[in-house]
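In listed order, ligands and their atoms are each counted from 1.
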Amino acid sequence: MNLKTLRLLPLAAFVVSLSAMASQDNAALIKQGEYVARAADCGACHRTVEQGGALFSGGYAIDSPMGRIISSNITPSKTHGIGDYTEQQLADALRKGINAKGQHLYPAMPYTAYQGMSDADIHALYVYLQQGVKPVDKAVPATELAFPFNVRALMFGWNLLFLDASSATLPTDADEPLKRGQYLVDTLGHCGACHTPRNAFMAEDSSRYLAGAALGGWVAPNITSDQASGIGSWSNDELAGFLKNGHVTNKAQAAGGMAEAVENSLRFLSDGDLHAMASYLKTVPAIASAHPVLSAPRTVVPVDMTTLEVGQGDQASLANASETDGARLYNAACASCHGRDGQGTADAFYPSLSQNTALTGGQPNNLVMAIIEGISRKGADLEVNMPALGGDLNDQQIAAIANYSLQRFGNPALNVSEQEVAQLRRGGDVPLLVTAMPYVLWLGGVLGVAIVCWWVLARIKRKREREILEKKNALNRRFHSR
Ligand code: HEC
Ligand code: HEC
Ligand code: HEC
């Protein structure tokens with residue numbers, strides 16, 4: 001080695017360590033992006049239909065009242081994914097709901113929530129989606145909605161009306177953890193997508209922020225700080241624990257869409273972030289629900305139900321058994337796990353039904369849906385399964401079990417009919433948008449005209465104001481130059 005190369009050695013070492021640092025930075029960025037994708041639950045919708053399909057390859061159909069909306073392939077595939085997206089184009093898709101082709105996305109993609117995403121998070125997410133995810137060169141089926149919803153340009157008017165950037169309820173001097181909590185709840189976690197009711201145009205009703213909403217057959221409960229009908233009486237640890245595992249002993253369990261949110265997203269968040277979310281939720285202005293909830297849990301006296309035995313644990317034979325007595329059905333289909341007295345097991349792995357928001361809440365939906373669909377959920381350190389009995393029990397039997405459970409363990413003011421069970425099975429009430437279609441079309445036209453008029457008038461007004469200002473300035477200038 002001559003003297004010249006020796007002198008270059010430190011420089012070479014410097015370059016090598018720089019590039020090592022850069023790749024370390026890049027790895028950290030990819031990790032940060034993965035965390036953002038978890039917190040924002042991109043995988044919940046951009047998953048494949050097939051079990052075990054590749055991450056983010058899309059094709060999952062979201063049933064909307066307007067038809068099925070298919071999620072896109074967001075792997076870095078150049079042919080079928082977002083491999084050609086620039087960071088700005090990803091930012092526009094997330095914040096404005098406009099894809100790289102300039103098309104308006106349907107709000108099934110929650111850009112109304114993501115509009116508040118920070119530049120740093122979008123940057124990390126971009127690096128992760130481009131470099132940390134395997135490309136999948138596979139097309140997803142096209143989304144074909146009925147007229148007029150297939151006209152994507154209509155979303156321009158909808159965005160003008162409902163893409164409302166002002167959702168902040170926190171004072172500007174709130175401390176950092178609270179702000180972080182709000183960012184995680186409102187922006188990344190888009191909790192309002194399920195927990196805030198929607199208006200006739202399917203936009204979130206900000207006047208009832210997080211006050212609870214119907215969701216298919218399920219109900220996403222009121223999670224405002226209201227003491228009785230919201231989460232005002234929950235401790236921060238209980239809330240954070242619920243988000244982390246979907247289970248709070250003698251309080252609530254997560255099923256339906258909430259089980260999915262826990263499994264796909266929330267169980268991966270840091271304890272600090274989960275506690276920030278809990279603290280923020282406790283500051284959300286209280287809104288009381290219209291449906292009265294049970295104020296204190298019932299004391300349930302155990303009864304001897306041996307006389308009610310009908311092949312306990314033999315659920316499959318129930319539907320054929322034409323048994324319609326709630327007590328007998330409960331004893332056969334539920335008591336093996338939840339106990340005859342509905343108190344569950346001592347370790348609370350099988351939960352109490354008398355201290356459970358699905359039975360003590362103001363609506364019976366989640367009880368009925370848990371019976372029909374069962375529960376399957378992975379939390380951070382708890383995995384649970386309750387069998388889906390919708391195939392084994394008919395509507396009349398489910399209504400009988402639900403009513404027996406409500407009368408004995410839950411809110412006795414509630415009652416479920418066979419017809420209501422049938423309706424919940426079909427996915428709950430048809431939203432107003434479909435039943436009110438003729439009016440909406442008419443109203444849409446009127447609104448469209450109103451928007452155009454308002455826009456033209458606003459421009460004229462602004463032009464006139466500018467002219468007046470210019471005239472004034474000119475006068476001033478003339479005055480001063482004298
Ligand atoms: C609640 C469901 C849902 C979630 C959560 C979601 N998306 Fe989407 N996304 C969709 C749907 C549905 C579409 C297609 C919408 C359409 O066809 O108008 C879409 C479209 C997109 C597109 C446009 C693709 C194209 O080229 O047309 C991008 C990019 C995208 N999503 C990225 C993301 C990222 C990144 C996340 C997480 C931060 C995310 N999405 C979370 C449902 C979702
Ligand atoms: C996909 C829809 C969906 C999303 C997204 C969602 N939730 Fe839920 N949430 C539900 C449903 C449905 C329930 C009722 C679960 C049950 O009782 O089985 C629920 C229950 C809850 C409960 C328990 C309330 C009670 O009285 O039992 C809390 C707390 C909660 N969610 C908080 C959140 C937070 C915070 C977020 C955002 C990070 C969130 N949820 C996102 C659908 C959703
Ligand atoms: C094989 C055991 C098993 C059987 C049988 C069973 N459950 Fe469950 N149940 C569970 C488990 C496990 C959970 C969830 C516990 C958790 O989330 O931590 C659960 C949760 C529930 C919840 C809470 C759901 C929510 O949305 O909050 C209700 C209500 C419920 N069960 C009712 C019933 C009824 C009624 C029956 C009979 C038709 C029944 N269960 C049968 C195991 C069972």
Side-chain angles (χ1 to χ4, degrees), residues 36-37 39-46 56 58 60 62 69-74 81-82 85 89-90 93-94 97 99-101 103-111 113-114 117 125 129 143 152 155 184-185 188-195 210 212 215-216 218-223 229-231 234 239 242-243 245-249 251-262 265-266 277-278 281 313 315 329-330 332-338 344 348-351 353 356-359 361 366-367 369-371 374-375 377 379 382 384-387 389 393 398 401-402 405 410:
V36 174
D41 209 358
C42 312
C45 304
H46 290 282
F56 298 141
Y60 180 71
I62 298 166
I69 303 176
I70 314 289
S71 73
S72 325
N73 177 338
I74 58 164
I82 60 166
Y85 263 62
Q89 285 170 331
L90 179 67
L94 291 168
N99 71 8
K101 288 189 205 131
Q103 292 170 324
H104 281 281
L105 298 173
Y106 296 113
M109 160 74 188
Y111 59 88
Y114 296 154
M117 268 175 92
L125 189 58
L129 287 174
T143 295
R152 285 180 179 268
M155 295 316 302
L184 286 160
V185 166
L188 296 187
H190 58 280
C191 312
C194 293
H195 285 275
L210 298 184
L215 198 74
W218 297 86
V219 163
N222 182 339
I223 54 168
S229 46
I231 48 81
W234 295 38
L239 270 171
F242 182 84
L243 299 178
N245 274 310
H247 174 105
V248 181
T249 297
K251 200 151 228 144
Q253 278 74 42
M258 195 63 206
E260 288 181 19
V262 169
S265 166
L266 299 166
M277 293 167 87
L281 285 177
Q315 288 121 3
L329 285 167
Y330 175 87
C334 321
S336 59
C337 294
H338 294 288
F349 181 80
Y350 294 114
L353 296 184
N356 190 308
T357 52
L359 285 95
N366 293 350
L367 166 62
M369 290 307 288
I371 300 174
I375 303 173
R377 189 191 70 234
L382 178 75
V384 301
N385 274 293
M386 163 167 153
L389 296 174
L393 300 168
I398 291 172
I401 297 184
S405 308

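Nearest to atom 16 (C) of ligand 3 by heavy-atom distance, out of Gln253, Lys251, His338, is Gln253. Of the candidates Asn366, Ile223, Leu243, Leu210, it is Ile223 that places a heavy atom closest to atom 29 (C) of ligand 2. The option from Ala113, Pro221, Ala255 that lies nearest to atom 13 (C) of ligand 2, judged by heavy atoms, is Pro221. The closest heavy-atom contact to atom 12 (C) of ligand 1, among the options Val36, Ile69, Leu188, comes from Ile69. Evaluated by nearest non-hydrogen atom to atom 11 (C) of ligand 2, the leading choice among Met277, Met258, Arg377, His190 is Met258.
When heavy-atom distances to ligand 3 are checked against a 4.0 Å cut-off, Leu389 comes that close only through its side chain, counted from C-beta outward. Heavy atoms of Asn222 found under 4.0 angstrom from ligand 2: none, in either backbone or side chain. With a 4.0 Å cut-off on non-hydrogen atoms, Leu329 does not touch ligand 3 at all. Under 4.0 angstrom from ligand 2, there are no non-hydrogen atoms of Asp41. Contacts with ligand 3 closer than 4.0 Å are made by heavy atoms of both the backbone and the side chain of Cys334. The proximity of Leu215 to ligand 2, defined as any non-hydrogen pair under 4.0 Å, is limited to the side chain. When heavy-atom distances to ligand 2 are checked against a 4.0 Å cut-off, Leu281 comes that close only through its side chain, counted from C-beta outward. Under 4.0 Å from ligand 3, not a single heavy atom of Thr357 appears. Neither the backbone nor the side chain of Leu184 comes within 4.0 Å of ligand 2, counting heavy atoms alone. At a 4.0 Å heavy-atom cut-off, ligand 3 touches Pro387 through the side chain alone. When non-hydrogen atoms are compared, ligand 2 lies under 4.0 Å from the backbone of Ala220 as well as from its side chain. Neither the backbone nor the side chain of Tyr330 has a heavy atom within less than 4.0 Å of ligand 3.
Contact between Val185 and ligand 2 is absent, with no heavy atom of the residue lying under 4.0 Å from the ligand. Ligand 1 is approached by Pro110 to a heavy-atom distance shorter than 4.0 Å. Heavy atoms of Tyr60 come nearer than 4.0 angstrom to ligand 1 in no pair at all. Remark: distances from the non-hydrogen atoms of Ala100 to ligand 1 are all 4.0 Å or more. Ligand 1 has Leu94 within reach: a non-hydrogen atom of the residue lies less than 4.0 Å from it. Under a 4.0 Å heavy-atom criterion, Arg152 is in contact with ligand 1.
Contact of the Cys45 side chain with the Met109 side chain is not registered, since no non-hydrogen atoms from C-beta on lie closer than 4.5 Å.
Atom numbering of ligand 3 starts at 1 in the shown order; those under 4.0 Å from a heavy atom of Leu367 are 29 (C). Atom numbering of ligand 2 starts at 1 in the shown order; those under 4.0 Å from a heavy atom of Val219 are 11 (C), 12 (C), 13 (C), 14 (C). In summary, the atoms of ligand 3 found under 4.0 Å from a heavy atom of Tyr350, numbered by their order in the structure, are 2 (C), 12 (C), 42 (C). Heavy-atom proximity to Cys45, at under 4.0 Å, picks out these atoms of ligand 1: 1 (C), 2 (C), 3 (C), 4 (C), 5 (C), 42 (C), 43 (C). Ligand 3 places these atoms under 4.0 Å from at least one heavy atom of Ala333: 5 (C), 37 (C), 41 (C).
When you scan the N, O or S atoms of His46 for the one nearest atom 8 (Fe) of ligand 1, you land on NE2.
Scanning all protein heavy atoms for the shortest distance to atom 34 (C) of ligand 2 gives Cys191 SG, 3.4 Å. Nearest protein neighbour of atom 20 (C) of ligand 1, counting heavy atoms only, is Ser72 OG, 3.2 Å. Closest protein heavy atom to atom 23 (C) of ligand 1: Tyr85 OH, 3.6 Å. Shortest contact from atom 2 (C) of ligand 2 to any protein heavy atom: Cys194 SG, 1.9 Å.
None of the N, O or S atoms belonging to Cys42 lies under 2.8 Å away from atom 8 (Fe) of ligand 1. Atom 8 (Fe) of ligand 2 has an N, O or S atom of His195 inside 2.8 Å of it.
In terms of N/O distances under 3.5 Å, ligand 3 is approached by His247.
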